[in-house]
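Step one of this worksheet: look at the structure below.
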Amino acid sequence: LITTGNVGETRNHIAAARASGRSIGFVPTMGALHDGHRGLIGTARAECGFVAVSIFVNPLQFAPGEDYGRYPRALAADVELCRDSGADLIFAPSAAEMYPEEQLTFVEVTKIGDNLCGRFRSGHFRGVATVVLKLFNVVQPDRAYFGEKDLQQLAVIRRMVRDMALPLSVVPVPTIREPDGLAMSSRNRYLSAAERRAAPVVYRALSRACEVARGGERDTKRIQAAGLVVLEREPLAKVQYFEVVDADMQPASQLTEPAYAAAAVFLGSTRLIDNIEL
Ligand code: PAF
């Protein structure tokens, strides 16, 4: 397992792997790796000859007042998880390596990035799309792996790849959950014991919405209301949004194909997101 923080070295290793006929799989992460990431790396391992993982807490995607400074950093444990999962290379650059001068160029995926989290996290998806394009240009993967837990991020990246004719495939990987339904997330480690006990309410609410939709309800307001009832019974949960959206992350009054229920919920000061396909 190669570990480097250097762009040039990463390019050299990737070029050598490609020259030996191997396809390049890429898993971009912000570290604090968990079983969800293990799923991403494992899928890449099964499908590609060479697997690169990036670990970079990207300042561009955090709005002022968000958790950039306290985002969990756990490089030693992350290296072990990558080794275990069969990764070939870790690219873990410093902020100075990624942004040696003021970044003046940005990627903005309008419409898809505007609703849901985009309404509450100003500049977030611009920061994500910009760093992901930059990471793609360093790693030049054939296939890049993203978790379905971050539904809107996945939609933003897929659209960026199509709109900009990037020569790679985006591969979605299903959300990994704790036994009680809580979606795996690096931010789960912020939760107090009481918040952790309450946190599965998010998935219960999404599942309820799904049940109502599968039962034949087409009116998205009613589907949304059914989910919200579940969340409102949990005193520790404060809903930021609970919405039914189409593939472009837009609200629709009638159920579309596909459609998703997507939620952002605070437990104390920790903001959790999750979604379900209806
Ligand atoms: O999902 C994440 O961990 C990040 O948003 C990503 C895709 C690595 C970009 O910083």
Side-chain angles (χ1 to χ4, degrees), residues 5 7 10 25-41 43-44 51-63 66-75 77-78 81-82 85 87 89-95 97-99 103 105-109 112-113 116-118 120-139 141 143-161 164 166 168-176 183-190 249 262 264 270-275:
V7 169
T10 301
F26 179 40
V27 181
T29 82
M30 298 205 301
L33 303 180
H34 48 66
D35 283 350
H37 297 109
R38 209 186 279 278
L40 295 172
I41 300 167
T43 307
V51 176
V53 177
S54 67
I55 297 177
F56 179 60
V57 184
N58 170 38
L60 275 193
Q61 71 188 71
F62 291 82
E66 289 188 349
D67 55 346
Y68 175 66
R70 66 182 190 108
Y71 196 85
R73 283 146 172 102
L75 189 59
D78 290 348
L81 187 144
C82 287
S85 312
L89 179 141
I90 297 173
F91 174 53
S94 65
E97 181 74 6
M98 281 302 281
Y99 303 117
Q103 181 85 12
T105 308
F106 298 92
V107 181
E108 194 140 21
V109 181
I112 293 175
L116 303 179
C117 294
F120 299 98
R121 303 190 67 189
S122 151
H124 171 66
F125 288 114
R126 176 174 115 141
V128 168
T130 301
V131 80
V132 168
L133 178 61
K134 195 158 183 171
L135 291 165
F136 283 172
N137 283 331
V138 173
V139 175
R143 299 164 76 76
Y145 296 80
F146 291 86
E148 289 179 345
K149 198 213 95 199
D150 298 334
L151 174 74
Q152 190 174 16
Q153 167 171 283
L154 174 61
V156 161
I157 301 298
R158 282 177 137 166
R159 187 54 175 256
M160 173 182 79
V161 166
M164 303 309 263
L166 302 183
L168 61 97
S169 307
V170 172
V171 183
V173 180
T175 303
I176 306 290
M184 300 258 178
S185 164
S186 304
R187 291 189 169 98
N188 290 350
R189 56 187 86 180
Y190 295 151
M249 306 293 107
T270 301
R271 182 178 176 279
L272 301 180
I273 59 169
D274 198 357
N275 68 86

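We count ligands from 1, going down the list as the structure has it; atoms in each ligand are counted the same way. These numbers come from the heavy atoms of this one structure, side chains and all, not from hydrogens, waters or symmetry mates.
Looking at heavy atoms from C-beta onward, Tyr145 lies out of side-chain contact with Val53 at the 4.5 angstrom threshold. Two residues are said to be in side-chain contact when any heavy atoms from C-beta on lie closer than 4.5 Å; Tyr71 and Arg187 meet this criterion. The side-chain heavy atoms of Phe146 and Arg158, taken from C-beta on, include no pair separated by under 4.5 Å.
Considering Val27, Val173, Val51 in turn, Val173 is the only one that fulfils the side-chain contact (heavy atoms from CB on, under 4.5 Å) rule with Thr43.
For the pair Arg70 and Tyr190, the cation sits on the ring face: its NZ or CZ lies under 6.0 Å from the ring centre, inside 45° of the axis.
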Atom pairs and distances, ligand 1 N/O vs protein N/O under 3.5 Å:
| residue | atom | partner | partner atom | Å |
| --- | --- | --- | --- | --- |
| ligand 1 | 1 (O) | Gln153 | OE1 | 3.4 |
| ligand 1 | 1 (O) | Gln153 | NE2 | 2.8 |
| ligand 1 | 5 (O) | Gln61 | NE2 | 3.0 |
| ligand 1 | 5 (O) | Gln153 | OE1 | 2.6 |
| ligand 1 | 10 (O) | Gln61 | OE1 | 2.6 |

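Interatomic distance, OH of Tyr68 versus CG of Leu60, reported as 9.5 Å (0.5 Å rounding).
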